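Structure, as structure tokens:
Model, not experiment: these values are computed from the prediction. Scope of the values below: all heavy atoms of this structure, side chains included, with no hydrogens, waters or symmetry mates. Just so we're on the same page: letters track the sequence lines, and every chain starts at 1.
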Amino acid sequence: MPKHPSILELFNDKPIGTNVLVKGWVRTFRNDQFITVTDGSTIKTLQIVIKKEEHDEEKLKKIQTGACISAKGLLEKSLGKGQDIELICEELVILGESDPNEFPIQMKRHTMEFLREKAHLRFRTNTFGSVFRIRHHLAFAVHKFFNDRGFFNLHSPIITGSDAEGAGEMFKVTTLDIQNPPRTENGEVDLSQDFFGKPTNLTVSGQLEAELAALALGKVYTFGPTFRAENSNTSRHLAEFWMIEPEVAFNDIFDNMDLAEEFLQFCIKYALENCREDLEFLQEREANEDKLKPVDDRQSMPLIQRLEFVTNNKFERITYSEAIDILLNSNHYKKKKFKFNVEWGIDLQSEHERYLVEKHFQKPVIITGYPAAIKAFYMRMNEDGKTVAAMDILVPGIGEIIGGSQREERLENLIAKCEQFNIPQDHLWWYLETRKFGTCEHAGFGLGFERLIMYVTGMQNIRDVIPFPRTPQNAEF
RNA sequence: UCCCUAGUAGCUCAGCUGGUUAGAGCACAUGACUGUUAAUCAUGGGGUCCCUGGUUCGAGUCCAGGCUGGGGAGCCA
């Protein structure tokens with residue numbers, strides 16, 4: 001048992017008439033009498049009532065926004081309207097002062113941009129408190145979903161020696177002195193003297209490793225940090241992000257779609273059931289922010305309604321070819337409103353995906369059967385010899401949230417693909433060997449955890465759903 | 001990396017076709033009030049107008065370059 005109850009516990013148990021000790025941070029101090037305190041356990045705040053005469057002036061002055069206090073007293077039914085319980089304070093201690101002239105977080109609206117520069121203190125705000133509580137619950141939901149279905153969590157390596165995954169630019173990992181690295185006779189950096197004796201990178205995906213495990217354990221999933229050294233400056237990309245990658249032996253692309261859809265709906269439902277108050281707060285926040293925006297940029301549905309819509313409706317499933325047809329037959333296309341051309345074989349542009357999801361279907365869409373040329377080497381070739389068993393799940397507002405495929409399990413096909421994509425086979429010998437020894441059909445997908453959090457919280461910028469975002473030119477904190 | 005856009009008080013912003021001493025709300029300080037809900041009322045302090053250079057009698061305002069933030073695109077999750 002903790003030495004003192006959290007505010008969440010006080011609201012749940014409501015031990016009215018008993019003596020309690022509370023610790024937390026001051027939000028406001030009104031009327032020289034009412035201290036609003038939060039301790040992070042819930043979005044709710046506890047009102048502490050003090051009698052001015054019982055405390056010396058110096059102490060009262062220190063009850064300021066951001067200060068840390070502890071209060072002991074009787075928990076009572078509140079006389080005021082804003083809350084049902086309050087603490088009648090008998091003993092008040094200032095644990096940590098907070099000079100209001102320096103503390104940057106005020107009880108008023110701050111911009112996300114400003115708070116991003118105060119990432120060490122932004123946890124103290126309602127918005128980030130809610131976001132990071134929801135982040136926790138979603139992480140827990142991920143593990144629960146897979147655990148309940150007999151999946152094993154696989155810890156794929158962070159440092160990887162393979163450089164052929166093709167998922168993007170990689171961060172190099174080295175212990176060599178970059179000012180003065182050892183050189184070979186012809187002047188090149190001698191990586192054989194590096195820590196691992198070869199070039200190594202931070203992982204861009206745990207998928208290939210997950211496949212190895214799936215072909216033995218059956219159903220596995222990874223949930224860990226991944227890294228992309230792309231110079232991407234958007235509200236949807238991070239250099240360090242968390243990815244969830246299930247991989248299942250004996251699943252085909254249709255099983256894969258079912259799993260992905262069930263998984264997304266489970267996570268969203270879990271948040272709706274376990275984070276109600278935080279979601280209500282974020283919904284109100286979003287509505288207030290929307291008032292400042294032009295009508296066209298506003299959300300069509302309130303946050304919670306959007307989430308319920310996703311859990312209550314089947315995702316739309318179409319093939320890439322059907323998607324192209326829909327685009328070609330759209331008024332949007334006929335009025336030449338697309339910036340990029342539409343024809344079979346193109347990689348769908350953001351504007352195309354957005355049209356399909358936000359205008360045409362207005363719900364999550366799963367697109368399958370992409371042209372082989374625009375997808376990764378490991379995706380399974382379909383019978384037509386032109387398309388692969390790939391799938392992307394697109395959601396309104398975010399775009400691609402899941403990308404997956406049935407994997408190419410036929411050794412000769414995979415070797416042919418390696419040649420086409422200029423991937424040296426000796427870099428992937430271990431991957432290819434799984435196709436040599438007891439290969440079987442299998443499938444999996446990757447979900448960007450932060451994008452899921454964005455969708456659930458309604459936050460517009462991915463930098464605001466991870467505690468300390470890493471983006472090009474920015475690794476403060 | 002490309003395109004667009006912004007940078008004025010601690011925060012959020014206003015500042016017109018260049019023209020006296022650069023404004024408001026919030027925050028802060030002091031006082032009043034005391035069952036408040038981001039309390040209220042009064043008074044007060046607070047500025048490298050992002051930086052560098054230029055045009056001009058005169059630049060927060062115009063021009064050029066740079067820095068930083070934001071939006072969009074590409075890459076992707």
Does [X] put a side-chain nitrogen or oxygen below 4.0 Å from OP1 or OP2 of [N]?
X	N	result
Ser350(A)	rG74(B)	yes
Asn101(A)	rG46(B)	no
Asn31(A)	rA39(B)	no
Arg30(A)	rU40(B)	no

Touch check for [X], heavy atoms < 4.0 angstrom, all strands: base, sugar-phosphate only, or nothing?
X	value
Pro100(A)	sugar-phosphate
Asp32(A)	base
Glu400(A)	sugar-phosphate
Ile105(A)	nothing

Whole-Å [atom1] distance, [N] and [M]:
N	M	atom1	result
rA42(B)	rG19(B)	C1'	35 Å
rU5(B)	rC62(B)	P	13 Å
rC4(B)	rG45(B)	P	45 Å
rC33(B)	rG15(B)	C1'	36 Å
rC49(B)	rG7(B)	C1'	10 Å
rG65(B)	rA29(B)	P	45 Å

Checklist entry - For rG74(B), what is the paired nucleotide under Watson-Crick or G-U wobble rules, both distances under 3.5 Å? => result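 Result: none.
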Checklist entry - Which base sits across from rG25(B) as a Watson-Crick or G-U pair, both distances under 3.5 Å? => result rC11(B)
To the nearest angstrom, how far is [X] atom [atom1] from [N] atom [atom2]?
X	N	atom1	atom2	answer
Met112(A)	rU12(B)	CE	C1'	13 Å
Ile367(A)	rC76(B)	CD1	P	15 Å
Gln33(A)	rC33(B)	CD	C1'	12 Å
Gln47(A)	rA39(B)	CD	C1'	11 Å
Asn474(A)	rC67(B)	CG	C1'	15 Å
Lys375(A)	rC75(B)	NZ	C1'	12 Å

Checklist entry - Looking at side-chain heavy atoms only, is the closest gap between Val395(A) and Val310(A) below 4.5 Å? => result no
Examine the base of [N] for any acceptor or donor lying under 3.5 Å from a partner atom in the side chain of [X], and report the outcome as yes or no.
X	N	answer
Glu86(A)	rG35(B)	yes
Lys52(A)	rU34(B)	yes
Gln83(A)	rU36(B)	yes
Gln349(A)	rG74(B)	no

Checklist entry - When rounded to the nearest 0.5 angstrom, what is the spacing between OG1 in Thr222(A) and CD in Gln207(A)? => result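 Atom-to-atom, Thr222(A):OG1 and Gln207(A):CD are 9.5 Å apart.
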Checklist entry - Between atom CZ of Phe254(A) and atom CZ of Arg317(A), what is the distance when rounded to the nearest 0.5 Å? => result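 Rounded to the nearest 0.5 Å, the CZ-CZ separation comes out at 9.0 Å.
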Are any of the side-chain nitrogens in [X] or [Y] under 4.0 Å away from the carboxylate oxygens of its partner?
X	Y	value
Arg122(A)	Glu117(A)	no
Lys62(A)	Glu58(A)	no
Lys375(A)	Asp392(A)	yes
Asp252(A)	Arg380(A)	no

Next on the checklist: Between Asp39(A) and Lys23(A), does the salt bridge (Lys or Arg N to Asp or Glu O under 4.0 Å) criterion hold? Intermediate values first, please.
Outcome noted: CA-CA 7 Å; Asp39(A) 70 355; Lys23(A) 299 184 183 186; over 6 Å; no
For nucleotides 30-32 of chain B, tabulate all protein N/O to nucleotide N/O atom pairs closer than 3.5 Å, reporting atom names and distance.
unit_1	atom_1	unit_2	atom_2	d
rU30(B)	OP1	Lys61(A)	NZ	3.3

Checklist entry - Does the cation-pi check pass for Arg124(A) over Phe103(A), that is, NZ or CZ under 6.0 Å from the six-membered ring centre and within 45° of its axis? => result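 Output no; distance or angle outside limits.
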Next on the checklist: Can a side-chain donor-acceptor contact be found between Thr36(A) and Thr28(A) if the only test is distance below 3.5 angstrom?
Outcome noted: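 Per modelled atom types, Thr28(A) and Thr36(A) side chains form a pair under 3.5 Å.
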Item to check | Sorted by number, the residues of residues 232-245 of chain A with heavy-atom contact under 4.0 Å to RNA chain B | outcome: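 Of all residues in residues 232-245 of chain A, the ones placing a heavy atom under 4.0 Å from RNA chain B are Ser232(A), Asn233(A), Thr234(A), Ser235(A), Arg236(A), His237(A), Leu238(A), Phe241(A), Met243(A).
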Checklist entry - So with a 6.0 Å cut-off around NZ of Lys363(A), is the heavy-atom count from everything else above 12? => result yes
